[in-house]
Amino acid sequence: MIDFAIPAELAAERDRVRRFVIDKIVPYERDPRLTAHGPTDELRQELVELARAEKLLTVQAPEALGGRGLTHIEQAVIYEAAGWSTLGPVAMNCAAPDEGNMFLLSKVADPDQVQRYLVPVIAGHQRSVFAMTEPDGAGSDPAQLATAATFDGANFTINGRKWLITGANGAKTWIIMARLAANPHLPEGPTLFLADGDEPGIVIERTMNTMDRNYVAGHGVVRFDNLVLPREALLGEAGQALRYAQLRLAPARLTHCMRWLGAAERAQSIAVEHARTRTAFGKPIGEHEGVSFMLADNEIALHQCRLTIWHACWLMDNGEKARHESSIAKSFVSEELFKVADRCVQVLGGIGISDETVVEMIFRDMRAFRLYDGPTEVHKYAIGRKVLRG
Ligand SMILES: Cc1cc2nc3c(=O)[nH]c(=O)nc-3n(C[C@H](O)[C@H](O)[C@H](O)COP(=O)(O)OP(=O)(O)OC[C@H]3O[C@@H](n4cnc5c(N)ncnc54)[C@H](O)[C@@H]3O)c2cc1C
């Protein structure tokens with residue numbers, strides 16, 4: 001049965017989240033601790049405590065680990081409300097990369113790893129990173145992975161360089177992708193490792209200056225300099241990193257869509273208000289067809305995006321991997337929402353590019369969404385190949 005109704009309890013929780021974000025979180029958008037390299041850890045911790053007090057922290061986590069074990073559809077509804085402010089998901093501990101990392105660890109980590117690396121992240125006490133992308137190796141094509149790992153039967157040694165690693169500076173739980181060399185003990189190939197951010201072999205060279213600032217601690221350039229890890233650092237099976245990355249990415253792509261949908265709605269609400277009140281040529285600008293059509297295009301896009309997200313969620317809640325549908329959703333939603341944000345800037349006129357409203361920040365932050373978790377072209381490349389296969 002197809003049912004688009006949101007159950008009353010979920011709708012009430014969505015409204016509670018939206019109120020929490022508007023009343024408690026939005027005021028922090030002008031906090032100086034929201035820096036060019038994202039919210040500082042101090043700001044994050046303050047926001048996390050606000051969500052904890054409202055019992056809104058990490059609600060997506062499995063029930064056995066203290067969360068409410070939200071289904072994908074439930075996440076779609078709650079994350080959209082949280083996304084009203086880019087700080088909402090930070091407060092509620094459902095922002096990237098932690099949210100996707102928690103999902104992956106809850107599926108793949110062994111019980112000791114869960115206690116050491118996952119539980120403190122779920123509790124909001126520490127952050128995590130997923131270190132895959134490299135300047136000269138893995139990117140759109142993770143198979144180009146160049147970071148190298150060796151294994152002597154007792155310890156792994158990892159060497160390589162990564163960049164665009166979100167949250168690197170200050171994160172404790174590290175998920176590292178490296179190519180395990182042939183050895184007599186374990187299968188070779190791309191492999192995931194868990195490490196503590198304090199390991200001396202993890203060197204943060206610098207934090208990159210980027211156009212977005214919604215992710216805690218920004219994006220780092222990182223070097224693994226003879227990083228030595230014990231056998232217990234192996235996450236899942238050796239040689240299976242690309243499979244695990246897919247396991248993480250299909251839902252993680254969708255959660256980006258959910259959060260950005262909330263931000264785009266916020267931008268639209270500001271543009272609508274402006275179109276009602278700002279006048280030009282004798283009437284509110286919203287009464288000029290050129291403006292009302294932009295707002296209508298936004299409304300259409302927001303609706304289409306929500307349905308696309310919900311459909312992929314519904315498939316996953318029914319046990320499907322939904323890789324194809326999540327690819328369709330990621331490419332479609334990222335492109336459409338960016339157009340929504342752009343039209344909102346346009347409706348606002350000159351102030352649209354200023355920080356007089358939050359639309360400028362949403363526009364800037366959202367640009368990167370078309371790149372991470374698979375650039376649009378890479379998703380289209382995969383979708384196109386599937387279409388051609390028939
Ligand atoms: C804000 C942000 C946060 C990020 N956080 C992380 C993180 O925490 N951890 C991490 O590991 N990585 C992270 N990344 C990296 C991200 O995953 C990569 O940027 C992405 O996978 C693309 O890789 P690349 O940047 O190396 O681009 P490239 O692989 O160099 O690709 C460049 C461009 O080539 C085009 N292209 C590539 N392949 C195809 C194709 N088959 N068909 C058509 N066109 C193609 C696309 O237009 C693409 O944008 C982040 C990136 C951003 C922007």
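Only a predicted model underlies this, so the values are computations on that prediction, with no experimental measurement involved. Ligands are counted one by one from 1 in listed order, and the atoms in each one are counted from 1 as well.
Under a 4.0 Å N-O distance rule, the pair R179/E188 does not qualify as a salt bridge. Between D196 and K172 there is a salt bridge, with a side-chain nitrogen of the basic residue lying less than 4.0 Å from a carboxylate oxygen of the acidic one.
Each of the atoms 1 (C) of ligand 1 lies under 4.0 Å from some heavy atom of A368. Atoms of ligand 1 lying under 4.0 Å from at least one heavy atom of F130, given by number and element, are 7 (C), 8 (O), 9 (N), 10 (C), 11 (O). Heavy-atom contacts of V378 reach the following atoms of ligand 1: 37 (C), 38 (N), 39 (C) (cutoff under 4.0 Å). Those atoms of ligand 1 with a heavy atom of G139 less than 4.0 angstrom away are 21 (O), 23 (O), 26 (O), 29 (O). Heavy-atom proximity to L371, at under 4.0 Å, picks out these atoms of ligand 1: 20 (C), 49 (O). Every atom of ligand 1 with a heavy atom of M132 under 4.0 Å away is listed here by number and element: 10 (C), 11 (O).
Distance from atom 15 (C) of ligand 1 to its nearest protein heavy atom, with residue and atom name: T133 OG1, 3.1 Å. Looking only at protein heavy atoms, the nearest one to atom 47 (O) of ligand 1 is E377 OE1, 2.8 Å. Regarding atom 31 (O) of ligand 1, its nearest protein heavy-atom neighbour is S140 OG, 3.1 Å. When only non-hydrogen protein atoms are considered, atom 52 (C) of ligand 1 lies nearest to Y372 CD2, 3.7 Å.
Inclusion of L164 in the set of residues having an N or O under 3.5 Å from an N or O of ligand 1 is warranted. Ligand 1 has a nitrogen or oxygen under 3.5 angstrom from a nitrogen or oxygen of T166. Considering both main-chain and side-chain atoms, P97 never comes within under 3.5 Å of ligand 1 through any nitrogen or oxygen pair. At under 3.5 Å, not a single nitrogen or oxygen of W163, backbone or side chain, sits near a nitrogen or oxygen of ligand 1. Looking at H219 next to ligand 1, no N or O pair under 3.5 Å apart turns up.
Under 4.0 Å from ligand 1, the heavy atoms of D212 that appear belong solely to its side chain.
Neither M258 nor L371 shares a network with the other; the hydrophobic side chains, linked directly or stepwise wherever heavy atoms of I, L, V, M, F, W or Y lie under 4.5 Å apart, form separate groups for each.
Protein heavy atoms are found less than 4.0 angstrom from atom 1 (C) of ligand 1. Under the 4.0 angstrom criterion, atom 33 (C) of ligand 1 counts as lacking any protein heavy-atom contact. Atom 5 (N) of ligand 1 is flagged as protein-proximal [any protein heavy atom, distance under 4.0 Å].
Remark: aromatic rings of H256 and Y372 are close, center separation under 6.0 Å.
There is a side-chain donor-acceptor pair under 3.5 Å between R253 and S326. Neither side chain, S354 nor E360, offers a donor N or O lying under 3.5 Å from an acceptor on the other. Under 3.5 Å, the side chains of D152 and H185 contain no donor-acceptor pair of N or O atoms. No side-chain N or O of R231 forms a donor-acceptor pair with one of N155 less than 3.5 Å apart. A side-chain donor-acceptor contact under 3.5 Å links E29 and S85. A donor atom on one side chain and an acceptor atom on the other are found under 3.5 Å apart for H379 and S327. No side-chain donor-acceptor contact under 3.5 Å links N214 and T86.
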Mind listing the side-chain donor-acceptor pairs of residues 338-348 below 3.5 Å, one per line with the distance, residues two or more places apart or on another chain?
| from | atom 1 | to | atom 2 | distance (Å) |
| --- | --- | --- | --- | --- |
| K339 | NZ | E336 | OE2 | 2.9 |
| R343 | NE | N298 | OD1 | 2.7 |
| R343 | NH2 | N298 | OD1 | 3.2 |

